[in-house]
Amino acid sequence: MISVIIPVYNLENYIERCIKSVLIQTFKNFEVICVDDKSQDRTVEIIEKIAKTDSRVKLLRQPQNSGPAMARSYGCRESKGSYIFFLDGDDTLPSNALELLYTKIKDSKVDIVRGSVVVVDFDGNRNLLKCDSLPYGSERYGVYRALLEGCFRHNLCFTLFNRSLLTDYTYLFHPNMRNGEDAYLFYQLVENIKNGIEVIPEIVYFYQMNPNSSSHIELSDNSLDGLLIFHKYVTSIDFRDDYLEKLSYRNSTKIVNYHALRNGFKRVEKSIKKNSTPPFLSMKYRIKYMSFLDLIIFYVRVLILNLNNI
């Protein structure tokens, strides 16, 4: 009934804990599809050992390292479930997660059900993130507005999808996209939502902070490219609404400029030219799209960065 798809790459310290959190679910009608992205450690060996003891666990192997987006796409094509749930290989689930999501999606007959997520930090402390909301409704406009205003996250995890939403349409994928791949797909999915989205307050996901994840280290060139590819896409969407269009440019300009502070202006500028994106780092874009407060914060950070480099 549910296909749990786990893209994995060099997760020997996490993958067993992750898979076991699925195997102890109170909801039993599922398969676990692990898609290995050419791991160089013991990840594959650990998955194969688990698969020998539980036939619900299946291992697929990418012919080359292509990033999590391509791994998820491969897993979707090979899955059998009526519903699809994405799980990152270093995260875990509470034991009733699938049951909560399945019950809601069956009762409401929507395309997507989203639950709440708890962040587990490096010391094991747990913090409940603010629950996603859809204050403007679950139709196309309302979801886009909630995404752009930060009310609703663009993550693929802690979310149950109707299979048809993922498999009956053609979506854009970029090989080696390692940053922004969740958002890139989620914004495309919104275009095809027919039956809406529901949000439940119950916790369905434990996000384990991983010091080796892309959110905690300087972005690679592939990650920067992925980030720019997403922001190029989101600012090209025909929102059919002036407010949403301006909001998309404001968000993208702000985020890209902040990433330039962290990863270097020359590197981000190089990625902008390579991917033919709008000139998010230009003074024209900053003045036109960033708020006055955003600009003050940005230039204070620029000043601090320059002082630290003296």
Side-chain angles (χ1 to χ4, degrees), residues 2 27 83-88 91-94 96-121 125-162 164-166 180-209 215 230-231 233-235 237-255 258 289-291 293-294:
I2 297 177
F27 182 87
Y83 303 95
I84 291 175
F85 182 88
F86 296 112
L87 172 61
D88 286 345
D91 298 331
T92 58
L93 305 179
N96 61 344
L98 296 184
E99 182 177 2
L100 289 167
L101 292 166
Y102 175 76
T103 299
K104 186 63 176 181
I105 206 167
K106 285 293 288 183
D107 291 345
S108 59
K109 297 180 172 58
V110 293
D111 294 315
I112 297 173
V113 172
R114 163 71 55 84
S116 294
V117 58
V118 165
V119 175
V120 184
D121 67 20
N125 300 313
R126 297 187 173 191
N127 299 290
L128 177 66
L129 292 185
K130 182 180 178 181
C131 186
D132 289 86
S133 64
L134 292 166
Y136 311 108
S138 63
E139 300 301 317
R140 180 182 185 275
Y141 170 86
V143 179
Y144 274 139
R145 184 170 177 180
L147 285 166
L148 290 168
E149 290 188 352
C151 306
F152 196 85
R153 299 175 182 86
H154 54 236
N155 303 74
L156 296 175
C157 297
F158 46 97
T159 306
L160 189 63
F161 297 90
N162 192 310
S164 61
L165 183 63
L166 288 157
E181 74 280 357
D182 277 30
Y184 191 50
L185 177 56
F186 201 94
Y187 272 81
Q188 294 180 73
L189 292 172
V190 173
E191 184 70 32
N192 298 314
I193 291 174
K194 306 298 182 187
N195 302 305
I197 300 175
E198 288 281 353
V199 177
I200 61 174
E202 290 87 356
I203 297 167
V204 300
Y205 202 90
F206 294 132
Y207 170 74
Q208 312 282 335
M209 295 184 69
S215 59
F230 163 66
H231 286 292
Y233 170 76
V234 77
T235 52
I237 295 173
D238 181 11
F239 290 109
R240 298 177 276 241
D241 182 88
D242 289 342
Y243 172 72
L244 295 188
E245 181 179 345
K246 291 178 181 177
L247 190 57
S248 71
Y249 274 95
R250 176 189 173 183
N251 288 348
S252 293
T253 302
K254 175 182 175 180
I255 292 169
Y258 283 177
Y289 294 115
M290 291 175 69
S291 69
L293 179 59
D294 289 339

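Since the structure is predicted, the reported quantities are computational estimates derived from the model, not experimental observations.
Counting heavy atoms from C-beta outward, Tyr205 and Leu87 have side chains that approach closer than 4.5 Å. Side-chain atoms of Val113 and Tyr83, non-hydrogen and from C-beta on, never get closer than 4.5 Å to each other. Residues Glu149 and Leu247 are in side-chain contact: their nearest non-hydrogen atoms beyond the backbone lie under 4.5 Å apart. Proximity of Ser138 to Ile193: side-chain heavy atoms (C-beta onward) are nowhere separated by under 4.5 Å. Between Tyr144 and Ile237 there is a side-chain heavy-atom pair separated by less than 4.5 Å. Looking at Asp182 and Phe86, their side chains never come closer than 4.5 Å, going by heavy atoms from C-beta outward. Looking at heavy atoms from C-beta onward, Val118 lies out of side-chain contact with Tyr207 at the 4.5 angstrom threshold.
Here the closest non-hydrogen pair linking Leu166 and Phe161 is CD1-CB, 3.6 Å. Residues Tyr187 and Leu148 approach most closely at OH-CD2, 3.5 Å, considering heavy atoms. When all heavy atoms of Asp111 and Ile105 are compared, the pair lying nearest together is O-CD1, 4.0 Å. Across every non-hydrogen atom of Pro94 and Ile203, the tightest pair is CG-O, 3.4 Å. Among all heavy-atom pairs drawn from Gln188 and Tyr233, the shortest one is CG-OH, 3.2 Å. Here the closest non-hydrogen pair linking Leu101 and Ile200 is CD2-CD1, 4.0 Å.
Put simply, CZ on Phe239 and CZ on Arg140 are 7.5 Å apart, with the number rounded to the nearest 0.5 Å. The NZ atom of Lys109 sits 12.0 Å away from the NZ atom of Lys104 when rounded to the nearest 0.5 Å. Atom CD1 of Ile2 sits about 7.5 Å away from atom OH of Tyr102, to the nearest 0.5 Å. Considering CG of Leu165 and CD1 of Ile84, their distance stands at 9.5 Å, rounded to 0.5 Å. Between atom CG of residue Leu147 and atom CG of residue Leu134 there is a gap of 8.0 Å, rounded to the nearest 0.5 Å. In this structure, CZ on Phe186 lies 4.5 Å from CZ on Phe152, to the nearest 0.5 angstrom.
In this structure, Asn162 contributes its side chain and Ser164 its backbone to a donor-acceptor pair below 3.5 Å. Side-chain atoms of Arg114 come within 3.5 Å of backbone N or O of Arg153 as a donor-acceptor pair. In this structure a side-chain-to-backbone donor-acceptor pair under 3.5 Å is missing from Thr103 to Leu100. Side chain of Asp241 to main chain of Leu244: a donor-acceptor pair is present (N/O by atom type, distance under 3.5 Å, no hydrogens or angles).
When the options Ser116, Cys131, Ser133 are evaluated for a side chain to side chain contact (heavy atoms under 4.5 Å, CB included) with Val199, the one that passes is Cys131.
By the neighbour-count criterion of 12 heavy atoms within 6.0 Å, atom CG of Asp107 is densely surrounded, having more than that number from other residues, nucleotides or ligands.
Remark: Glu99 engages Thr26 in a side chain to side chain donor-acceptor pair (under 3.5 Å) (not counting sequence neighbours).
Between Tyr141 and Tyr136, the distance separating the two ring centers is not shorter than 6.0 angstrom.
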Begin with the C-alpha distance, continue with both residues' side-chain angles, and end with the deciding distance and a verdict on salt bridge (Lys or Arg N to Asp or Glu O under 4.0 Å) for Glu191 and Arg240.
CA-CA 12 Å; Glu191 184 70 32; Arg240 298 177 276 241; 3.8 Å; yes
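Arg250 has a carboxylate O that lies under 4.0 Å from a charged side-chain N of Asp294, or vice versa, which qualifies the two as a salt bridge.
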